[in-house]
Amino acid sequence: MKIITNSPEETFNLGYKLAGKIKFPSSILVEGPLGSGKTTFIRGILSYFGYDIVRSPSFLYVYEYNIPGGKIYHIDLYRTEVKDLEEKLNLPELIEENAIFLVEWPEKVDKLKFPLPKTVRIKIIDETKRELESELFDI
């Protein structure tokens, strides 16, 4: 299903609305060009769980957030040129029964396997308008 948002606020709100439907364990792989709103969408999801200050983990690769019943891992693979990234992220240790993975730039490292992945593709239509496509929006 495709959804058009007309502003960063609408993209944020779409993430917020989706968050209430996310089940453990799961992974949301967010694809799109630079400046498309990947982090804005993820900020909406994390806001639902009470996190208002969300930074893009571009330099740290991963931020961990505690939520009721488990954890959320926000992973940004944009600057990934690291061999053995799976080890660097300690991904085998991160994959737990009660975890949600929010992954930006998943296409950079297609060898990583996240649990129950669903993809959100974001396309830039113009300066503020975005097209978001995902099977998650049919939930």
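It should be emphasised that the depicted structure is a prediction, and the values quoted were computed from it without experimental measurement. Hydrogens, waters and symmetry mates play no part in the numbers below; they use all other heavy atoms, side chains included. In this chain, numbering begins with 1 at the start of the sequence shown.
The distance from atom CG of Asn13 to atom OG1 of Thr40, rounded to the nearest 0.5 Å, is 11.0 Å. In this structure, the separation between NZ on Lys71 and CG on Asn66 is 5.5 Å, given to the nearest 0.5 Å. To the nearest 0.5 angstrom, Ser26 atom OG is 14.0 Å from Lys21 atom NZ. The structure places CD1 of Ile72 at 6.5 Å from CD1 of Ile22, a figure rounded to the nearest 0.5 Å. Separating the OH atom in Tyr63 from the CD1 atom in Ile75 is a distance of 13.0 Å, to the nearest 0.5 Å.
Note: Phe12 and Tyr16 have parallel aromatic rings, judged against thresholds of 30 and 60 degrees for the angle between ring planes. Between Tyr78 and Trp105, the ring planes are tilted. Angles from 30° to 60° get that label.
Atom CZ of Phe49 sits in a crowded spot, with more than 12 heavy atoms from other residues, nucleotides or ligands closer than 6.0 Å.
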> Stepwise, does the side-chain contact (heavy atoms from CB on, under 4.5 Å) test hold for Ser27 with Leu29?
Replying inline: CA-CA 6 Å; Ser27 303; Leu29 311 179; 4.3 Å; yes
> Yes or no on side-chain contact (heavy atoms from CB on, under 4.5 Å) for Tyr73 and Leu102, after CA distance, side-chain angles and deciding distance?
Replying inline: CA-CA 6 Å; Tyr73 295 101; Leu102 305 176; over 6 Å; no
> After noting the C-alpha distance and the side-chain angles of Arg121 and Glu133, does the key distance pass the salt bridge (Lys or Arg N to Asp or Glu O under 4.0 Å) rule?
Replying inline: CA-CA 5 Å; Arg121 289 176 187 83; Glu133 181 178 9; 5.6 Å; no
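Residues Lys118 and Glu135 are in side-chain contact: their nearest non-hydrogen atoms beyond the backbone lie under 4.5 Å apart. Pro25 is listed as a side-chain neighbour of Leu116, based on a closest heavy-atom distance under 4.5 Å. With a 4.5 Å cut-off on side-chain heavy atoms, Leu132 and Leu14 count as touching. Residues Val120 and Ile28 form a side-chain contact, since some pair of their non-hydrogen atoms from C-beta on lies under 4.5 Å apart. Taking 4.5 Å as the limit, every side-chain heavy atom of Leu34 sits out of range of all side-chain heavy atoms of Ser36. Ile67 is listed as a side-chain neighbour of Ile100, based on a closest heavy-atom distance under 4.5 Å.
With hydrogens and angles left out, the side-chain atoms of His74 and Glu104 include a donor and acceptor closer than 3.5 Å.
Of the candidates Thr5, Asn6, Thr39, Thr128, Thr11 forms a side-chain hydrogen bond (donor to acceptor under 3.5 Å, both in side chains) with just one, namely Thr5.
Scanning all heavy atoms of the two residues, the minimum distance from Phe101 to Ala99 falls at CE1-CB, 4.0 Å. A pairwise comparison of heavy atoms in Asn98 and Phe24 identifies C-CD2, 3.4 Å as the closest pair. Taking each heavy atom of Arg130 and Gly35 in turn, the nearest pair found is NH2-O, 2.9 Å.
Put simply, Ile42 and Ile124 are part of two different groups of oily side chains (I, L, V, M, F, W, Y) that touch within less than 4.5 Å, one to the next.
Lys38 places no side-chain N or O within 3.5 Å of a backbone atom of Val103 that could act as its donor or acceptor partner. With hydrogens and angles ignored, the 3.5 Å screen pairs a side-chain donor or acceptor of Ser7 with a backbone N or O of Glu10.
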